[in-house]
Amino acid sequence: MARGKLRIHLGAAPGVGKTYAMLSEAHRRVGRGTDCVVGFVEHHGRPRTEVMLHGLEQVPRRELEYRGGVFPEMDLDAVLARRPQVALVDELAHTNVPGSRNAKRWQDVEELLAAGIDVVSTVNIQHLESLGDIVESITGVRQQETVPDEVVRRADQVELVDMTPEALRRRMAHGNIYQPDKVDAALSNYFRPGNLTALRELALLWVADRVDAHLTQYRSEHRVSAIWGSRERIVVGLTGGPEGRTLIRRGARLAEKGAGGEVLAVYIARSDGLTSASPKELALQRTLVEDLGGTFHHVVGDDIPAALLAFARGANATQIVLGSSRRKTWQYVFGPGVGATVARESGPDLDVHIVTHDEVAKGRGLPVSRGARLGRSRRVWGWIAGVAGPPLLAVLLNAVDLGLANDMLLFLALTVAAALLGGLLPALASAAVGSLLLNYFYTPPLHRWTIADPKNIVAIVIFVAVGVAVASVVDLAARRTHQAARLRAESEILAFLAGNVLRGETGLEDLLERVRETFGMESAALLERAGDVEPWTCAGRVGRGRPVERPDQADVDIPVGDHMALALTGRVLPAEDRRVLAAFAAQAAVVVDRRRLQEEADRARTLAEGNRIRTALLAAVSHDLRTPLAGIKAAVTSLRSEDVEWSEEDRAELLEGIEEGADRLDHLVGNLLDMSRLQTGTVTPLIREIDLDEVVPMALGGVPEGSAGLDVPETLPMVAVDPGLLERAVANLVENAVKYSPPGAPVLVAASALADRVEVRVVDRGPGVPDEAKERIFEPFQRHGDAPRGAGVGLGLAVARGFAEAMGGTLNAEDTPGGGLTMVLTLRAAGARPELHPAAEPERQAS
């Protein structure tokens with residue numbers, strides 16, 4: 001029986017319309033005469049989705065009892081017995097109720113497909129198993145219901161149901177997705193614009209990768225070698241030279257001009273592993289291309305133009321970017337070069353850009369290490385074989401007559417052995433001694449240093465040439481092996497510098513310790529002085545070697561500028577090690593400069609903040625504190641006046657004014673003292689576990705009666721907070737909300753539990769705050785909009801956020817659906833881990 005086909009409607013979040021699209025597809029198929037039934041579709045009370053079920057045959061659901069409840073599930077046996085052509089099965093990642101035949105709904109779908117029934121299903125991108133960690137980092141919630149990626153990838157069709165975050169939030173606000181009592185919480189948590197945008201990007205990228213894989217598979221199956229320019233793919237050919245960075249940036253600019261452009265940087269290495277490319281430069285270029293959003297590829301191939309073109313065609317690239325040749329003019333006698341060859345053989349479907357750069361015609365040669373790199377024991381045995389071997393062989397051959405040809409082959413074998421063991425010089429010695437012995441003992445006339453037959457001269461010359469050739473190959477291989485090992489070690493060291501030091505992740509002592517360990521030294525120190533005649537001082541030192549007070553006292557010193565030097569003790573390093581050591585010295589100076597700049601910036605920031613606080617405080621004292629003092633002074637003077645006889649009503653009114661002014665002064669001074677404590681870091685919260693209903697109601701005592709409502713369920717978990725700080729924070733939030741709320745629109749203080757945290761939301765219906773000002777309102781001495789001078793000194797929100805963070809919580813501002821501002825105070829539930837993650841809604845997802 002042929003396997004059924006699976007079609008999946010994929011969405012980024014609940015409510016984008018996956019189930020609606022699936023039902024619309026079912027109506028189209030029924031209209032064409034297809035036998036289509038509903039195996040399981042959940043409309044979640046959405047009227048438009050429920051209407052779409054009308055006119056479709058629905059297989060009755062199976063009800064299962066679990067923990068005292070009854071839950072409906074798809075009746076798999078009934079669907080199999082009905083054997084329709086197409087079955088609609090919603091929520092592919094759904095977990096079945098215990099007692100079902102399969103644990104997961106996608107396993108039910110697999111049985112339907114195996115029975116030859118086509119299935120149309122739905123799934124959200126966050127339910128793919130491989131994306132669990134990414135989704136958790138975005139939303140803060142780990143998805144419990146997942147489906148293996150392979151199940152979705154095996155689908156015959158995957159249709160993306162897309163909707164912008166703004167449109168989805170409008171649907172949510174209109175009540176088209178969740179019930180009205182859940183709208184505010186959903187918009188403020190899971191359905192935040194950032195969450196929806198990130199999930200939408202995941203869905204688009206996943207579908208794009210699947211389309212690209214299908215295109216690659218189709219081209220492979222149909223043997224399509226021509227390039228299909230479905231989107232711009234720019235291949236940048238790198239040589240490992242410094243011009244690579246210019247080429248990568250040019251390729252990135254070309255990719256930006258086309259929709260969906262992609263940059264692929266490729267380096268072609270020889271199959272023998274020998275290369276003259278700079279590992280440091282390649283590492284920098286790899287980082288650059290990844291920072292620009294491209295990918296780096298390392299390809300092995302001896303024919304560079306052919307390998308480059310094969311890679312470009314395999315990647316379905318549309319353009320190749322190459323640099324102008326670095327070869328000198330006379331080197332063109334050996335061939336046209338890589339750029340000209342690639343341009344000639346690229347064909348009409350692949351554009352080649354030759355980019356000029358500063359390294360044109362400067363040559364490709366890079367410095368390489370010279371001298372033999374064989375071990376000492378091998379060189380000793382090579383000299384023994386090259387010098388003592390030929391006489392011993394001559395003694396053996398004098399006892400046995402093998403003929404001149406065999407004698408020469410034996411001497412040649414000995415020369416090759418000397419070359420393999422000791423390299424070039426022992427081989428030359430063996431060839432010289434062997435040729436003399438062959439001439440004297442075995443070449444007519446015997447026992448004379450002459451050769452009668454000219455053919456024997458040719459044989460001896462070939463003998464010497466073969467020995468020299470073999471020795472040269474061995475010597476070259478040894479040098480290349482040593483060079484490759486050394487370059488690898490240098491690349492690892494430079495990668496450490498480029499990664500850790502440049503990102504500021506390594507301190508001076510850690511860097512010096514790395515220098516000491518890398519080069520096997522006893523101690524490492526960074527010395528500096530203020531001027532040419534000033535004494536040297538130590539900026540940092542590690543190790544147990546003798547103390548070094550001046551660079552000339554060290555075994556190795558590397559100057560860094562005019563007044564800084566890296567000094568090492570322990571042994572004298574070879575000259576080739578000083579190149580990498582110079583890089584360490586330069587980075588050590590950078591670390592010192594960065595540390596000092598950071599210290600200066602911190603001091604400047606502290607001074608600037610202190611000046612700003614003092615300036616704002618003076619402004620507050622000059623007006624906001626002076627106004628209530630003036631009112632109190634006037635009231636007291638009036639009461640003490642003997643010229644006026646005040647009635648009881650007037651006296652009560654004046655006393656009430658004095659009390660209000662004193663309360664206002666007390667509030668302002670309290671906020672000033674709280675901000676001073678926060679600025680100096682002297683706030684020490686006393687965390688204990690309490691219920692919110694013990695603290696929050698007391699925070700409403702300072703606002704007029706009826707101006708604020710309270711909704712704190714008794715079922716909320718306890719929170720780990722400082723009660724005093726929490727009361728002050730909530731009180732400031734409520735007072736600020738009441739200040740900006742219009743008459744007749746009371747402020748709502750509501751609390752809810754989300755995962756391992758509890759949120760206190762202070763909701764007002766005032767004018768709101770634009771997005772660009774939502775962070776600025778939490779700065780000290782900030783008033784938003786046209787708030788009058790008498791509205792306070794602008795410390796309430798700053799103090800509230802400071803107290804929230806001191807207790808391990810967060811305070812953020814969000815828009816109130818329908819207009820206004822909502823302050824969200826997030827607190828740790830009792831027993832939860834200290835780290836807080838972004839708010840999210842851990843509820844069952846459905847389309």
State, yes or no, whether a side-chain contact exists between T146 and L131 at a heavy-atom distance under 4.5 Å. no
Can you name the residues that form a side chain to side chain donor-acceptor pair (under 3.5 Å) with D691, not counting sequence neighbours? none
Nearest-0.5 Å distance that lies between atom CD in Q144 and atom NE2 in H127: 11.0 Å
Could you check whether S130 and D149, counting side-chain N and O atoms only, form a donor-acceptor pair closer than 3.5 Å? yes
May I ask you to say whether K104 pairs ionically with E145, meaning some side-chain N is under 4.0 Å from a carboxylate O? no
Going from OG1 on T49 to CE on M22, what distance comes out if it is rounded to the nearest 0.5 angstrom? 9.5 Å
Under the side chain to side chain contact (heavy atoms under 4.5 Å, CB included) rule, what do V152 and I8 come out as? Steps first, then yes or no, please. CA-CA 8 Å; V152 183; I8 295 177; 4.0 Å; yes
Regarding T122 and T19, is there a side-chain donor-to-acceptor distance under 3.5 Å anywhere? no
When every non-hydrogen atom of Y66 is compared with those of F71, the smallest separation belongs to O-CE1, 3.4 Å
Once side chain to side chain contact (heavy atoms under 4.5 Å, CB included) is applied, do any residues pair with L748, and if so which ones, sequence neighbours excluded? D711, A750, V763
Minimum heavy-atom separation for L10 to K18, with atom names? C-CD, 3.9 Å
With sequence neighbours excluded, residues passing side chain to side chain donor-acceptor pair (under 3.5 Å) with K633: none
Distance-only side-chain donor-acceptor flag, H94 / E73, under 3.5 Å: yes
Rounded at 0.5 Å granularity, tell me how far OG1 in T816 sits from CE in M823. 9.5 Å
Side-chain heavy-atom pair P193, E166 within 4.5 angstrom cut-off: no
Please say whether more than 12 non-hydrogen atoms of neighbouring residues, nucleotides or ligands are located less than 6.0 Å from CD in E714. no
Taking the side chain as every heavy atom from C-beta outward, state whether T826 and V758 have any pair of such atoms under 4.5 Å apart. no
Who are the side chain to side chain donor-acceptor pair (under 3.5 Å) partners of D291, not counting sequence neighbours? none
Is the shortest heavy-atom distance from the side chain of E694 to the side chain of P723 under 4.5 Å? no
Main chain of A12, side chain of N124: is a donor-acceptor contact present, judged purely on distance under 3.5 Å? no
Listed by chain and number, what are the salt bridge (charged side-chain N to carboxylate O under 4.0 Å, His left out) partners of E201, not counting sequence neighbours? none
Sorted by chain and residue number, the side chain to side chain contact (heavy atoms under 4.5 Å, CB included) partners of S647 (sequence neighbours excluded) come out as E649, D650
Are L811 and F803 close enough that some pair of their side-chain heavy atoms sits under 4.5 Å apart? no
When you look at CD of E509, are more than 12 heavy atoms from neighbouring residues, nucleotides or ligands closer to it than 6.0 Å? yes
Interatomic spacing from CD in E50 to CZ in R46 - rounded to 0.5 Å: 12.0 Å
Taking D90's backbone N and O only, do any of them form a donor-acceptor pair with R105's side chain (distance below 3.5 Å, no angle check)? yes
Do any N or O atoms from the side chain of W206 and from the backbone of L128 form a donor-acceptor pair under 3.5 angstrom? no
Looking at every non-hydrogen atom in both residues, tell me the closest pair between A708 and L700 and how far apart they are. CB-CD2, 4.4 Å
The side chain to side chain contact (heavy atoms under 4.5 Å, CB included) partners of P165 (sequence neighbours excluded) come to L196, T197, R200
List the residues meeting side chain to side chain contact (heavy atoms under 4.5 Å, CB included) with M698, not counting sequence neighbours, and say none if there are none. E727
Cationic N near anionic O, under 4.0 Å, E656 to R651: no
D815 vs T822 side-chain heavy atoms within contact, under 4.5 Å: no
Do E600 and R605 touch side chain to side chain, with heavy atoms closer than 4.5 Å? no
Contact summary for L710 and P697, nearest pair of heavy atoms: CD2-CG, 3.7 Å
Residues that R596 engages under side chain to side chain donor-acceptor pair (under 3.5 Å), provided they are two or more places apart: E528
Nearest heavy-atom pair of Q126 and P14: which atoms, and what distance? NE2-CD, 3.9 Å
Please report the shortest heavy-atom distance between V760 and L692, naming the atom on each side. CG2-CD1, 3.8 Å
Going through the checks in order, is the side chain to side chain contact (heavy atoms under 4.5 Å, CB included) test met by E653 and L655? CA-CA 5 Å; E653 184 177 353; L655 290 175; over 6 Å; no
Can you give me every donor-acceptor pair (side chain of residues 715-722, partner residue at least two apart or in another chain, under 3.5 Å) with its distance?
{"from": "D722", "atom 1": "OD1", "to": "G724", "atom 2": "N", "distance (Å)": "2.9"}
{"from": "D722", "atom 1": "OD1", "to": "L725", "atom 2": "N", "distance (Å)": "3.3"}
{"from": "D722", "atom 1": "OD2", "to": "L686", "atom 2": "N", "distance (Å)": "2.7"}

N812 and K774 side chains, donor-acceptor separation under 3.5 Å: no
So how far is it from L827 CG to M807 CE, rounded to the nearest 0.5 Å? 5.5 Å
So, taking the atom named CG in L654 and the one named CD1 in I632, what distance separates them when rounded to the nearest 0.5 Å? 12.5 Å
Do I777 and V769 pass the side chain to side chain contact (heavy atoms under 4.5 Å, CB included) test, and can you show the C-alpha distance, the side-chain angles, and the key distance before you say yes or no? CA-CA 9 Å; I777 61 176; V769 176; 4.2 Å; yes
